Each structure stands twice: as structure tokens, then as C-alpha cells.
Protein chains: 2
Amino acid sequence: MRADARSNHERILAAARALFASDGADTQVDAIARRAGVGVGTVYRHFPDKDALMGALVRERFIAFNEQLREAISKGEQQPFAALCEALRANSTALAEDAGTRFAFMRGGERVFAHAHDEVEEYLALTNVLVDRAKRAGSVRPDFDVADVPMLMCGVCATIDAGKGGAGWDWRRHLELVLAGMAAAVAEPSVTSGGTP
Amino acid sequence: MRADARSNHERILAAARALFASDGADTQVDAIARRAGVGVGTVYRHFPDKDALMGALVRERFIAFNEQLREAISKGEQQPFAALCEALRANSTALAEDAGTRFAFMRGGERVFAHAHDEVEEYLALTNVLVDRAKRAGSVRPDFDVADVPMLMCGVCATIDAGKGGAGWDWRRHLELVLAGMAAAVAEPSVTSGGTP
DNA sequence: ACCTGAACACCGTTCAAGT
DNA sequence: ACCTGAACACCGTTCAAGT
């Protein structure tokens, strides 16, 4: 790729992240092109459509998530559950600081996540290392599954977004309640008896 | 309101719910009008814009939520935590069966929820009755707050939607983990020490 | 190879004319 | 009072012309 093309590629992504963050659903491709200092056609040369732009943001985020997970894996051998919690806190904090990517997470559908397929697979594999260790140590409920992690994190992400919008919710609280639910604590009879078997 | 106008009003809402459910973000106002058997202008006569249409769906849903809460309040005097859990399960199940309203919940912003302001207030007041009873009974963590309920339910709603879209997530599982986190269980030291104070 | 931006297509919203 | 739908405005995407 030519040097100017690579520079355009990066500037378009940065512009998209900034504008999705500030304008959300009102973000226009024209505005992204203008902010990146290129013509609209150039945006479409680098990213086939708006979904691909959002997909690229999601992909970058998962690459960063995976880096944080690798760090937790290498540092947290002695306290597996604490390591898992710290990794999820680190992931959430990063997401909380990146409203543009959050927009892509929440508003992009399957088509958007498809652009990050490999990175999501790696995310699950790395998370599984942490979950598995914690389960062996007996500090996570035995019926907990790796697939529960993105499910619960999707909920935290929804709270981050809604929380900034006037509702005044605290995603850190949401995350801590979720971590408490993961822990191998003695749940009340009424909880464990009432749910899906 | 004239009888034909009231009938149109209801048919437009039903058409919107059905089309938001099947077409999501691709739902066109023209299509809603066609399905309701009216002209576009009539849609705009009843609902000033698309947000108002979504807001009406949200409003109807909260009215139904509140009915379910009142039922749980009147039936669950003896087992306050079980009553709270049952109410949240009933709310979630209703939402899981109404993809059109879910779309409005997730994609509508503050402007959409503003159309249901009073109903949301009542929802919080009714939920507080259940939470308060359970806290007095010692079965919900003492630091739990009513405002945590919509926050956590927002997460469950995100899972319902994402779960139907190929990810294969089970919102019932999400809800049960959330209920376990609400319970006054003995959390691991590593959880309680690491979060926001 | 890559870039540009005018032109096209699509859809939310309005409003003059109708009952 | 309420309804209709053609017309307008706006924005995602394309593509012929340029470097």
C-alpha cells in the first residue's frame, strides 16, 4: 500500500471514531471524509460501506482487548479469579473511554462483527484460559461458561452508553454486580430454584 | 377522537411494532403506513416523527411492566426476594416476545424514553416496593439500589437482541446471573475489594 | 494506483388539495 | 376533523474524470 494511502486509511478511521463518538447515528460519511481531509470516494475505496468502517473499529478494539487479556494471563497465575476480574475491568475501562467504538459495538449488527471474526475467536480462547483457571480454583460457579463473558460484557457496554445519556447509571457498579454473580458464592434458594434449569 | 382516527392510531402502532420487529433499522415510515392501510401523512398526523412512534411502543411496554409489578407486589408478601425475581422474569419474558418494542428500547435514545417519562417513574416506584421488602428481609445486598434494576435490565435487553442474532446467547442465563449478583450472598474477597468503593 | 466530487437513489418529512 | 400522496430535503453510494 502506498504511503499516502496508508495515511488516508488511518485518518479515515480516526475521523470515524471521533465522529461516531460525538454525532452517533447522525454521523455522515461526508463528514468523516471532510474531517479526514479526503473525498467521499476515498472513504469508499478503503471501506466498502459504513458497516466496514464500524467493523474496522470493532476489530481494533478486540486486538486491544486481547492484549489486555494476555497481560492478565501472564500476571495472574496465583490469583486466577482476581486476574479474570482485572481483565474484564481493563476491557470495560477501555471501552468506556472510546465512545466511537461503543457506537459500533451497539449499533452494528452481525455484519459489523463479521469484520472482527478472527479477533473475537481469539478473545474467547484467551478469556477461556482465565475462566478455566478460576473454575479449577473453585472461585467461579462450576456452570459458568466462557460464552457468558461476552454476553455479560454486552450488557455492561449497554450500560456505559445509556449511563452517559442522562440516566446516570454507573457501569462500574453493573460490572461489579456481574462479577459477584460469576463468583462461586452461595446463592439464595429462591434464585437457583426459579431459573432456567 | 373520531372512531376512524382511533382505529388508525392503533393500526399504525401495531404496524410499527410488527415492522420494527422484522425489519429493524430498515423499517420505513412508508411501509408502516402501507401496512396500517393509511397514507404517510396520517402517520405523521398521529405521531410527530419516528421517535414518537418508538416512544409510544416504549410507553405501552412500561404500562404492561407496571401491571406485572403490581401483581408481584400483591402476591409476594411472604417471599419478597422470590417476588422481585419473578417480576423481573415476567418483565424480561414480555420483552423477549416483543422484538418491535425491543428495537425501540435499544435504538431509541433519550428522546424516545421521554415519551414514557411518567410510566418510567411509576416503574421505579413499584420496583422500589419489591426491592425494599427484599432488603428488609436481608435477601438482597444492602448496597443495592432501585436504580440498579433498569441498569441491569438494560443489559438483559441487549442480550435478548444480540442472542437472537446468531450469537446464541441465552438471556435467561444472563438474568439468573444478575439475580445471583443482587442476592445477599457472601462474595469472594477479590471481588469486593477490587471494584469502585 | 489512488483520489475527487458531482450525480444518483433512497427515505424521512411536509403541505396543498381532498373528504 | 381527518386523510392522501406528490414533492422536497437529506444522506449513502457510485462512477467518470483527474493525478
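The structure displayed is predicted, hence computed values, not measured ones. Sequence lines set the chain letters: A, B, ... in the order given, protein chains first and strands last, and positions in each chain run from 1.
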Taking [atom1] from [X] and [atom2] from [N], how many angstroms apart are they, rounded to a whole number?
X     : N      : atom1 : atom2 : answer
A/D26 : C/dG12 : CG    : P     : 14 Å
B/R45 : D/dG5  : CZ    : P     : 15 Å
B/H9  : D/dC3  : NE2   : P     : 11 Å
B/I12 : D/dC3  : CD1   : C1'   : 10 Å
B/R34 : C/dG12 : CZ    : P     : 11 Å
B/M54 : C/dG12 : CE    : P     : 11 Å
B/L19 : C/dG12 : CG    : P     : 11 Å
A/D30 : C/dT4  : CG    : P     : 13 Å

Side chain of [X]: nearest nucleotide among [options]?
X     : options               : result
A/Q28 : C/dT4, D/dC11, D/dA6  : D/dC11
A/D49 : C/dC3, D/dT13, D/dT4  : D/dT13
A/V29 : D/dT13, C/dC11, C/dT4 : D/dT13
B/A5  : C/dC3, D/dT14, D/dC3  : D/dC3

Closer than 4.0 angstrom, basic N to acidic O: yes or no for [X] and [Y]?
X      : Y      : result
A/E119 : A/R61  : no
A/E86  : A/K75  : no
A/R141 : B/E176 : no

Exercise for review: Give the minimum heavy-atom separation between B/M151 and A/L177, together with the two atoms involved.
Suggested key: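 What the structure gives for the nearest pair is CE-CD1, 4.4 Å.
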
Review point. Does B/L126 belong to the same Ile/Leu/Val/Met/Phe/Trp/Tyr cluster as B/I63, with side-chain heavy atoms less than 4.5 Å apart forming each link?
Key: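 No, it is not one cluster - the side chains of B/L126 and B/I63 are not joined through contacts under 4.5 Å.
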
Exercise for review: Give a yes or no on whether B/R59 atom CZ has more than 12 heavy-atom contacts from other residues, nucleotides or ligands under 6.0 Å away.
Suggested key: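 12 or below, so no.
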
Review point. For A/T27, which contact category applies under a 4.0 Å heavy-atom criterion: base, sugar-phosphate, or nothing?
Key: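 It contacts sugar-phosphate atoms only.
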
Exercise for review: Give B/H46 one of three labels, base, sugar-phosphate or nothing, depending on what nucleic acid heavy atoms sit under 4.0 Å from its own.
Suggested key: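 Result for B/H46 = sugar-phosphate.
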
**Study point:** For DNA chain C, the dot-bracket pattern of Watson-Crick and G-U pairs whose distances stay under 3.5 Å, | for other-strand partners
**Key:** ||.|||||...|||||.||

Exercise for review: Considering just the side-chain nitrogens and oxygens of B/R2, establish if one lies under 4.0 Å of OP1 or OP2 belonging to D/dA1.
Suggested key: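 Looking at the OP1 and OP2 atoms of D/dA1, neither is under 4.0 Å from any side-chain N or O of B/R2.
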
Review point. Hey, does the side chain of A/Y44 come within less than 4.0 Å of D/dT14's phosphate (OP1/OP2), counting only N and O?
Key: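 Answer is no, no contact under 4.0 Å.
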
Practice item. Consider only side-chain N and O atoms of B/T93 and B/R89, and report whether a donor and an acceptor are under 3.5 Å apart. Key: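 B/T93 vs B/R89: no donor-acceptor pair found between side chains.
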
